[in-house]
2 protein chains.
Amino acid sequence: MNAAGNTPVLLCGNFEAQEHQAWLSALSLALPDVDWLDVTTARLRAGEVQVAVVANPPLGSLQGLPELRLVHSLWAGVDRLLADPSVPAHLPIVRMVDPAMTAAMVQTALWAVLALHRGYFVYGQHQRQARWLPHAQLRADEVSVLVLGEGVMGHAVRAALAAQGYAVTSWRRDGAPLARVLPQAQVVVNLLPLTAETRGLLNADFFAALPRGAGIVNLARGAHVVDDDLLNALQSGHLAHAVLDVFNTEPLPPAHPYWQHPRVTVLPHAAALTDERSAATVVAKNLRAFWRGQPMPHLVDRVRGY
Amino acid sequence: MNAAGNTPVLLCGNFEAQEHQAWLSALSLALPDVDWLDVTTARLRAGEVQVAVVANPPLGSLQGLPELRLVHSLWAGVDRLLADPSVPAHLPIVRMVDPAMTAAMVQTALWAVLALHRGYFVYGQHQRQARWLPHAQLRADEVSVLVLGEGVMGHAVRAALAAQGYAVTSWRRDGAPLARVLPQAQVVVNLLPLTAETRGLLNADFFAALPRGAGIVNLARGAHVVDDDLLNALQSGHLAHAVLDVFNTEPLPPAHPYWQHPRVTVLPHAAALTDERSAATVVAKNLRAFWRGQPMPHLVDRVRGY
């Protein structure tokens with residue numbers, strides 16, 4: 001269907017068929033002069049394929065492409081991509097930074113913090129019992145929110161919460177010690193990248209350092225949380241509520257205690273879905289810049305791990 | 001306890017004892033030179049009492065005070081106060097407009113619109129069934145929100161929704177015909193005053209004029225809604241969800257179908273609780289201005305009914 005002279009680009013990911021088709025349509029619209037190849041057809045044009053657009057591709061998908069010079073991830077999180085030992089270490093990897101996705105993340109963070117602050121999850125419990133019981137109302141400036149992560153998402157969430165009047169601080173791994181900020185944090189919003197250093201960060205020690213009644217919002221990666229420690233902290237009443245969008249196993253298994261826990265809100269990894277239309281525009285802009293020899297934005301730092 | 005020379009002010013409302021004490025403390029702190037009288041003690045100093053601070057007072061509470069020159073409501077809504085035929089028609093009535101309460105209303109409206117837009121109530125239903133099912137995600141600018149009411153609350157809510165990128169319009173009773181704006185409204189946020197003209201406005205005709213799948217957020221008065229019509233519109237699937245903070249009977253009776261309806265979210269008239277500390281400061285500012293002979297803000301227009 002495509003003319004032979006088009007630029008070949010590998011498109012691969014752990015897509016379902018329908019999802020693959022949606023990406024192919026959006027990318028073809030944004031970059032009409034590209035031949036979008038799969039892992040098999042890319043091998044047939046191995047001498048020409050310089051660019052791969054990927055979304056957690058199956059292990060080894062990028063092997064056998066000696067001319068590969070750029071990998072563009074369709075996802076913002078690249079922890080699974082970096083865990084593939086067959087991805088050449090020298091290859092520059094561009095992370096997805098899409099304003100539409102950032103806006104979606106801000107919406108979810110704002111909704112979760114508003115709900116924790118104003119006790120709307122508690123009212124949800126009361127509703128099932130037909131209980132009419134208004135509770136005390138704090139002003140936003142009386143609620144301290146700690147945002148973990150100072151990347152594009154962390155900054156945007158922090159700004160949106162500050163605009164609503166919350167007392168927001170943010171934290172990055174190489175900044176102030178966590179022990180200094182946790183005792184003041186009534187709500188924690190996690191937007192960290194998943195790296196060897198941040199894996200399991202939200203554990204028993206972390207929860208114990210928070211004030212009694214604190215709430216947790218995890219919008220980053222399931223592996224940031226030690227599930228048993230979170231369940232214990234909720235069970236003891238030390239933590240009031242957790243809003244979880246991401247899990248150590250996804251989809252969350254039907255028998256997992258989070259599903260029926262009255263003080264856990266489960267979202268199906270939907271805090272910020274990638275919008276194919278918007279993301280394809282970002283990819284097109286970045287690849288055109290690459291082909292013109294311009295520098296790439298949002299390059300992954302392999303040492304930091306994100 | 002108060003010196004005899006203090007200015008006498010009537011304080012009366014349908015308070016519970018603890019609530020009365022909280023108001024008395026906050027007002028005494030804000031206006032230390034006032035003798036706060038109840039209905040009985042005010043009659044004893046009827047010749048001196050020029051000001052009444054009220055919160056839906058029992059019918060007839062303001063009778064027998066010939067020198068009364070100002071009524072200050074502690075609530076923003078004055079529909080019940082105006083329904084008392086013993087409140088002299090010439091008396092100026094100041095409505096409560098408290099920035100802390102406006103901020104609380106904005107929080108609730110924003111939370112409800114975000115939840116309707118992103119389907120968080122649907123995810124709540126899915127959670128109880130342990131269903132992992134991400135659904136499509138619209139951008140905020142693809143969601144049109146209609147705010148009913150252009151008072152202080154309506155303006156603040158409209159601005160906050162616009163700042164999140166929603167396609168917001170607002171409506172007032174004497175503006176464009178409702179029939180022109182309803183077909184575009186995917187979410188309706190009601191912040192109208194309750195008057196003879198707005199009572200029952202959210203009825204079968206209103207709901208039928210909305211697009212299929214619309215959501216309703218009622219933060220104003222229960223009597224704006226015809227409950228059977230709303231239940232029918234939800235039942236037929238024409239409306240997707242309703243967030244209701246106010247009801248024709250409050251507290252909402254335990255057997256009311258709203259409580260257990262999967263597509264109704266019930267709040268216990270808690271969208272914006274009056275903060276005694278903040279409201280007392282507003283009252284103090286207004287009464288001091290009154291005693292200096294300055295004009296009063298937010299005076300009720302008896303003809304409009306708010």
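Here the structure is a predicted model, which is why all the values come from computation and not from measurement.
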Chemist: Does atom CD of A:Q125 have more than 12 heavy-atom neighbours, drawn from other residues, nucleotides or ligands, at distances under 6.0 Å?
Modeler: yes
Chemist: Which atoms of B:A140 are under 4.5 Å from chain A, going by heavy atoms: the side chain, the backbone, both sets, or neither?
Modeler: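 Contact with chain A involves both backbone and side-chain atoms of B:A140.
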Chemist: Determine, stepwise, if the pair A:Q107 / B:Q137 fulfils side-chain contact (heavy atoms from CB on, under 4.5 Å).
Modeler: CA-CA 11 Å; A:Q107 291 160 4; B:Q137 169 187 298; 5.6 Å; no
Chemist: Check whether B:A115 gets within reach of chain A through its side chain, its backbone, both or neither, counting any heavy atom under 4.5 Å.
Modeler: both
Chemist: Working to the nearest 0.5 angstrom, can you tell me the gap between B:L114 CG and A:L114 CG?
Modeler: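 The CG atom of A:L114 is 7.0 Å from CG of B:L114, to the nearest 0.5 Å.
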Chemist: Do the side-chain N and O atoms of A:T265 and B:Y120 include a donor-acceptor pair separated by under 3.5 angstrom?
Modeler: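 The answer is no; no qualifying pair exists.
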Chemist: Which residues in residues 248-260 of chain A have a heavy atom less than 4.5 Å from any heavy atom of chain B?
Modeler: A:E250, A:P251, A:L252, A:P254, A:Y258, A:W259, A:Q260
Chemist: Give me the atom names and distance for the closest heavy-atom approach of A:P268 to B:P134.
Modeler: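 Residues A:P268 and B:P134, closest heavy atoms: O-CG, 3.5 Å.
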Chemist: Would you give the length of the straight line joining atom OH of B:Y123 to atom CG of A:D245, rounded to the nearest 0.5 angstrom?
Modeler: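 Those atoms lie 8.5 Å apart.
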Chemist: Identify which part of B:S278 has an atom lying under 4.5 Å from any heavy atom of chain A, answering side chain, backbone, both or neither.
Modeler: neither
Chemist: A:N56: what forms a side chain to side chain donor-acceptor pair (under 3.5 Å) with it, not counting sequence neighbours?
Modeler: none
Chemist: Quick check: does any side chain N or O of B:Q127 sit under 3.5 Å from a backbone N or O of A:V264, one acting as donor and the other as acceptor?
Modeler: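 Flag set: sc B:Q127 to bb A:V264 pair under 3.5 Å.
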Chemist: At a 4.5 Å cut-off on heavy atoms, which part of A:A103 comes close to chain B: side chain, backbone, both, or neither?
Modeler: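 Neither part; nothing is under 4.5 Å.
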Chemist: Tabulate, in ascending numerical order, the residues of residues 153-161 of chain A having at least one heavy atom closer than 4.5 Å to a heavy atom of chain B, or enter 'none'.
Modeler: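 When heavy atoms of chain B are the reference, residues 153-161 of chain A contributes no residue within the under-4.5 Å range.
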Chemist: Around atom CD of B:Q18, are there more than 12 heavy atoms from other residues, nucleotides or ligands closer than 6.0 Å?
Modeler: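 No.
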Chemist: Taking every non-hydrogen pair under 4.5 Å, which of B:L138, B:L267, B:D141 racks up the most with chain A?
Modeler: B:L267
Chemist: Could you check which of B:A270, B:A100, B:G124, B:G165 has the highest count of heavy-atom pairs closer than 4.5 Å to chain A?
Modeler: B:A270
Chemist: Should B:V266 and A:H126 be marked as a side-chain contact (heavy atoms from CB on, under 4.5 Å) after you check the CA-CA gap, both sets of side-chain angles, and the distance that decides it?
Modeler: CA-CA 9 Å; B:V266 172; A:H126 288 179; over 6 Å; no
Chemist: Please classify the contact of A:F121 with chain B as side chain, backbone, both or neither, using a heavy-atom distance under 4.5 Å.
Modeler: neither
Chemist: Quick one: of A:R128, A:H117, A:Q129, who has the most non-hydrogen atom pairs under 4.5 Å with chain B?
Modeler: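 Ranked by contacts with chain B, first place is A:R128.
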Chemist: With only heavy atoms counted, which part of B:V113 is less than 4.5 Å from chain A, the side chain, the backbone, both or neither?
Modeler: neither
Chemist: List the steps, then state whether side-chain contact (heavy atoms from CB on, under 4.5 Å) holds for B:V106 with A:Q164.
Modeler: CA-CA 9 Å; B:V106 166; A:Q164 287 305 314; 4.1 Å; yes
Chemist: Does B:R277 have any side chain to side chain donor-acceptor pair (under 3.5 Å) partners at least two apart in sequence or in another chain, and if so, which?
Modeler: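 Applying side chain to side chain donor-acceptor pair (under 3.5 Å) to B:R277 gives A:E142, B:D275.
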Chemist: A:R118 versus chain B, heavy atoms under 4.5 Å apart: side chain, backbone, both or neither?
Modeler: side chain
Chemist: Out of B:A272, B:A163, B:A136, which one racks up the most heavy-atom pairs below 4.5 Å with chain A?
Modeler: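 Top count of heavy-atom pairs under 4.5 Å with chain A: B:A272.
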